[in-house]
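Written out below as structure tokens is the structure these notes cover.
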There are 2 protein chains.
Amino acid sequence: MNALRLDDQVCFAVHAASRALDAVYRRELAALGLTYPQYLVMLVLWERGQVSVKDLGVALRLDSGTLSPLLKRLEAAGLVRRERDPGDERSVLVRLTPEGALLRERAEPLPRRIMEASGMGPEELADLHRTLGRLTRSLTESATRP
Amino acid sequence: MNALRLDDQVCFAVHAASRALDAVYRRELAALGLTYPQYLVMLVLWERGQVSVKDLGVALRLDSGTLSPLLKRLEAAGLVRRERDPGDERSVLVRLTPEGALLRERAEPLPRRIMEASGMGPEELADLHRTLGRLTRSLTESATRP
DNA sequence: GACAACTCGATTGTGCACAATTGAATTGAT
DNA sequence: ATCAATTCAATTGTGCACAATCGAGTTGTC
């Protein structure tokens, strides 16, 4: 057995799955004018209504180098507003515009469609979800404290 | 239950796991001067010695827009050579330089280290590998033929 | 043998991801 | 009250990913 064989590496399987998911989302999200990472930001906003860039970064595990230009594009698209937190001028609050809030309805059918495209049952998906959660946690820890 | 909740979406779990893996590889590969996608290309070359850009794209599911500049960087690093296939001038063959072939030894310990960082056992990883393979296949099919 | 269809790689343009740096604002220690 | 350390967002630079387009080369058909 050759440990360096591409097809034997789980890492490549994760990588490939992630890109395949991205491709499916790309198609589904085109009508909403969103990319997949933008959709992730909208998910957080639909949940909370308002978040600081900082908290957004914690939720999505992204830094400001990624979020700043992304949020600028969402603002240009009229889905989001950004303003300094009056209580702490270092912080920037992101909140939905009415159009941004409205977009939620059109996103509602998405998760089901993706689930169908996955070809997997609910319990199998839940299992995968749990496994990946553990994997991510473990990798993140080992990255911080080698 | 809210289908649009970020933490309930398997897609985000895949996305997050992929980036966490990337981060771990980034650290491990820094000493070899490789990025993770470059490492994937090297895996294929260590296996086959020589590939056309086309076949590389099939193996990694990447198009020339991604591969061309990446291969150029590998060539600049002296790990790889590119030349037209004499038998079919449309095709470009990529092959290892001696330095590129030598690098394999230094990459050998990597899979084990990543496995350890994953915190998962061999059979659990194999299971995850299979599940992700099915997921990717299913998503790719649904992308081609909706 | 000529020409249309196809294959292959490269290029261009957009957007994501992350490291490193900068600068403003806040907090904490003395 | 002052000054050092910290927090936060933005910017810059590098690299990956993909869509769309282009041009050179090849193959198939008549």
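Per chain, numbering begins at 1; letters A, B, ... match sequence-line order.
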## Note on the structure
When rounded to the nearest 0.5 Å, the distance separating OH of B/Tyr39 from CG of B/Leu74 is 14.0 Å
### Task
Calculate the interatomic distance between A/Leu56 atom CG and D/dA10 atom P; express it in whole Å.
11 Å
### Task
Quick one: label A/Asp22 by what it contacts on the DNA or RNA (base, sugar-phosphate, nothing), any heavy atom closer than 4.0 Å.
nothing
#### Entry: Whether A/Ser68 side chain and A/Ser64 backbone form a donor-acceptor pair below 3.5 Å
yes
### Task
Measure from the side-chain heavy atoms of A/Arg90 and tell me the nearest of C/dA24, C/dA19, D/dC18.
C/dA24
### Message
Both A/His15 and A/Pro69 contact DNA chain D. Which one's nearest nucleotide lies toward the 5' end?
### Response
A/Pro69
### Query
Is any side-chain N or O of B/Ser68 closer than 4.0 Å to OP1 or OP2 of C/dA10?
yes
#### Entry: Side-chain (B/Glu28) to main-chain (B/Ile114) donor-acceptor, under 3.5 angstrom
no
### Query
Just checking A/Ser91: base, sugar-phosphate only, or nothing, at a heavy-atom cut-off of under 4.0 Å?
sugar-phosphate
### Task
Ignoring backbone atoms, establish whether A/Arg26 has a side-chain N or O less than 4.0 Å from OP1 or OP2 of C/dT14.
no
### Query
C/dG9 P sits how many Å from B/Asp88 CG, rounded?
9 Å
### Message
Go nucleotide by nucleotide along DNA chain D from the 5' end; which of A/Val92 and A/Arg19 gets its closest nucleotide reached first?
### Response
A/Val92
### Message
So A/Thr35, base contact, sugar-phosphate only, or nothing? Heavy-atom distance under 4.0 Å.
### Response
sugar-phosphate
### Query
Can you tell me how far P of C/dT11 sits from CG of B/Leu67, to the nearest Å?
13 Å
### Summary
Atom CZ of B/Arg84 and atom C1' of D/dT26 are separated, to the nearest Å, by 13 Å
Under 3.5 Å donor-acceptor pairs involving side-chain atoms of residues 14-25 of chain B, not counting sequence neighbours:
from	atom 1	to	atom 2	distance (Å)
B/Arg19	NH1	A/Arg61	O	2.9
B/Arg19	NH2	A/Leu60	O	2.8
B/Tyr25	OH	A/Gln9	OE1	3.3

### Query
When the distance from NZ of B/Lys54 to C1' of C/dC6 is rounded to whole Å, what number comes out?
11 Å
### A/Arg82 side chain near D/dA10 phosphate (N/O to OP1/OP2, under 4.0 Å)
yes
### Any B/Lys72 side-chain nitrogen or oxygen under 4.0 Å from OP1 or OP2 of C/dT11
yes
#### Entry: First of A/Asp63 and A/Gln38 reached from the 5' end of DNA chain C, by closest nucleotide
A/Gln38
### Query
How long is the line joining CG of A/Asp55 and P of D/dC8, in whole Å?
9 Å
### Message
Quick one: does any side-chain atom of B/Thr136 pair with a main-chain N or O of B/Leu132 as donor and acceptor, under 3.5 Å?
### Response
yes
### Query
Considering only side-chain heavy atoms of A/Glu89, which listed nucleotide, C/dT26, C/dA19, D/dA10, is closest?
C/dT26
### Task
Starting at atom CG of A/Leu60, determine the distance to atom P of C/dG15, rounded to an integer number of angstrom.
18 Å
### Message
Base, sugar-phosphate or nothing for B/Leu62? Non-hydrogen atoms, less than 4.0 Å.
### Response
sugar-phosphate
### Query
Under 4.0 angstrom, heavy atoms only, what part of the nucleic acid is B/Thr66 near: base, sugar-phosphate, or nothing?
base
### Query
Would you find a donor on one side and an acceptor on the other, under 3.5 Å apart, between the side chain of A/Arg81 and the backbone of A/Thr97?
no
### Query
Please give, in whole Å, the distance from D/dT11 P to A/Leu70 CG?
14 Å
